[in-house]
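Just below is one structure, and these are the notes that go with it.
Letters A, B, ... are given to chains in the order of the sequence lines, protein chains preceding strands, and every chain is numbered from 1.
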There are 4 protein chains.
Amino acid sequence: MTIRLFVTGGTFDKEYNEIEGKLYFKETHLQEMIALGRSKVPVALRTLMMVDSLEMTDADRELIVGQCLAADEERILVTHGTDTMEVTARVLGNRVNGKTVVLTGAMVPYKFGSSDGLFNLGSALAFVQTLPHGVYIAMNGKWFRWDNVRKNRATGEFEEIRTIDNGQ
Amino acid sequence: MTIRLFVTGGTFDKEYNEIEGKLYFKETHLQEMIALGRSKVPVALRTLMMVDSLEMTDADRELIVGQCLAADEERILVTHGTDTMEVTARVLGNRVNGKTVVLTGAMVPYKFGSSDGLFNLGSALAFVQTLPHGVYIAMNGKWFRWDNVRKNRATGEFEEIRTIDNGQ
Amino acid sequence: MTIRLFVTGGTFDKEYNEIEGKLYFKETHLQEMIALGRSKVPVALRTLMMVDSLEMTDADRELIVGQCLAADEERILVTHGTDTMEVTARVLGNRVNGKTVVLTGAMVPYKFGSSDGLFNLGSALAFVQTLPHGVYIAMNGKWFRWDNVRKNRATGEFEEIRTIDNGQ
Amino acid sequence: MTIRLFVTGGTFDKEYNEIEGKLYFKETHLQEMIALGRSKVPVALRTLMMVDSLEMTDADRELIVGQCLAADEERILVTHGTDTMEVTARVLGNRVNGKTVVLTGAMVPYKFGSSDGLFNLGSALAFVQTLPHGVYIAMNGKWFRWDNVRKNRATGEFEEIRTIDNGQ
């Protein structure tokens, strides 16, 4: 069972430009992270864009939906900036059926020592293999349904909008 | 839903003693790793032992079984050295019912830059939340049933003993 | 022989604010870096400011000069942002006599995996112990006199303005 | 001025073999460390051996002496295990004249997060450029003359055998 992995950018993939003194995108670190995790799960990776999710447009989201719908794989992992991850999850949740789609990201760039990126990738890759069809966000070690999740701007943590009994 | 987390040592928790020039165990890094992953999954951690799994005895395994049987939690994560992880999985698989138990470990100490530990912890924590009752090993991004897994000594990777259709 | 260590901020000490998604200053990492280097050189540390050197004012530089003049120690290390390090070096070079003052910094924040910070600290601490009285910049493993150094904006490297025979 | 850099192994260059679960030598990390430090000091590197200094023989030391004597460069940096660094320093000190030779090493492998290696390399590279002819050990941010240094086995730190006024 091959997992489709779509890369859209986000903090995950930000690097430090030492000439400019700014964070920027160069290439995705996903292959490097998969190798570091010694993951042997078959993965087909495709970079769709490399953007800060605050700058993601409706057209960008339409592209992601189109790619998820067109993918041969039943299980899809999407890396995404955390700031608007819930927005993209809702767009996908309303449009994609019959597949398991998991969005994940990172609060701190992978290249920083304090990054949560490798942990999140490990958990998202596990969730996408085991959760039933549906669209989910995997952050903070948890999984959330697309229609019941938000990022708490004060704490930086993902949480349910309303408490429901979803087996967690 | 609180996850019970039993620590038994293994490469995960090895440190470098700079006076002796040897790898050794001091304290577990699991709390630090959970914090790094920004995990908000409720976890009750208990260190059962701190041993290299090559030195794990039958009595040690009996202790682990006893703790899994006695735990109030339905979902249990066990950190373990990779060398005899499959042995402990078989002992647990034959004795523990009605619970989801996931064993995981690392090929490289967490404190080494090249460690797979954080990735494995992320995936194991996700698998223990989503897999049905049973005893499993989570390594290389995959999950394996206790009665169909071995560590390939040449490659260091975990693999199925025989190919079965387990939905993966 | 105690070395006086003045901290002024710079990339060295930048951290990633995971709520804001921006680089910022919290506290200096110099003590942590000294401990990591197992340095046993007696050091008296004082934080003078925590600023990006692009925002350093004339008044800030006056403060640094005043502190260097007033210090009891004959050997002084100053951490500084790289963008205007040469400017502060010139101000110090024209005003401070009878002491060895070495400025150093980093191209990448210490907390990033790819930082040059620890290397630069090691070299600057060595140069400040061995160079004769004068004001210097220590970057790229080299030392430069205050009146013959500039940062090459294109490469990010420090270089001599004109080639002179300074024994290097 | 090109610095000659002789690599002999030591903790600096130890890696973790994840199949064997043991520390071992593969290749030197010195080039990688020099690149990380953004060092632009001209360096001519040669690996003489890759050994734990506890296993270094008289013949090995003879080889190091011979290479130092034969080198065209006046300034030589030698990486070395810390356990017998003082022994090799004494052999070199009695035989090599008219050159500046600095030995350095690390208490923790470079690849471990807690390594002092990059700091030590930075300081040793600075000392070898600035100290007068002689044979020295650079550790703990300090420099020591070859005939007045020992490793304190209890603390892991280098110290003078007797206190002398060497300008430090």
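In terms of heavy-atom proximity, A/A126 sits nearest to B/S123 at CB-O, 3.5 Å. The nearest pair of heavy atoms linking B/S39 to A/F119 is CB-CZ, 3.7 Å. For the pair A/K142 and B/K40, the tightest heavy-atom approach, listed with the atom from each and the gap, is CE-O, 3.2 Å.
Residue B/R46 places its CZ atom among 12 or fewer non-hydrogen atoms of other residues, nucleotides or ligands, all under 6.0 Å distant. The number of heavy atoms from other shown groups lying within 6.0 Å of CG (A/D58) does not exceed 12.
At least one donor-acceptor pair under 3.5 Å links the side chain of A/N140 to the backbone N or O of B/R38.
A/W143 is listed as a side-chain neighbour of B/T130, based on a closest heavy-atom distance under 4.5 Å.
Residue contact with chain A, scored on non-hydrogen atoms closer than 4.5 Å, involves the backbone and the side chain of B/L121 alike. Only the side chain of A/L131 comes within less than 4.5 Å of a heavy atom of chain B; its backbone N, CA, C and O stay farther away.
For the set B/L125, B/L36, B/V41, the entry with the most heavy-atom pairs within less than 4.5 Å of chain A is B/L36. Comparing A/D116, A/N120, A/I34 by heavy-atom pairs within less than 4.5 Å of chain B, the highest count is held by A/D116.
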Determine, step by step, whether A/Q129 and B/F127 satisfy the side chain to side chain contact (heavy atoms under 4.5 Å, CB included) criterion, reporting the C-alpha distance in whole Å, the side-chain angles of both residues, the deciding distance to 0.1 Å, and the verdict. CA-CA 9 Å; A/Q129 291 178 74; B/F127 283 133; 3.8 Å; yes
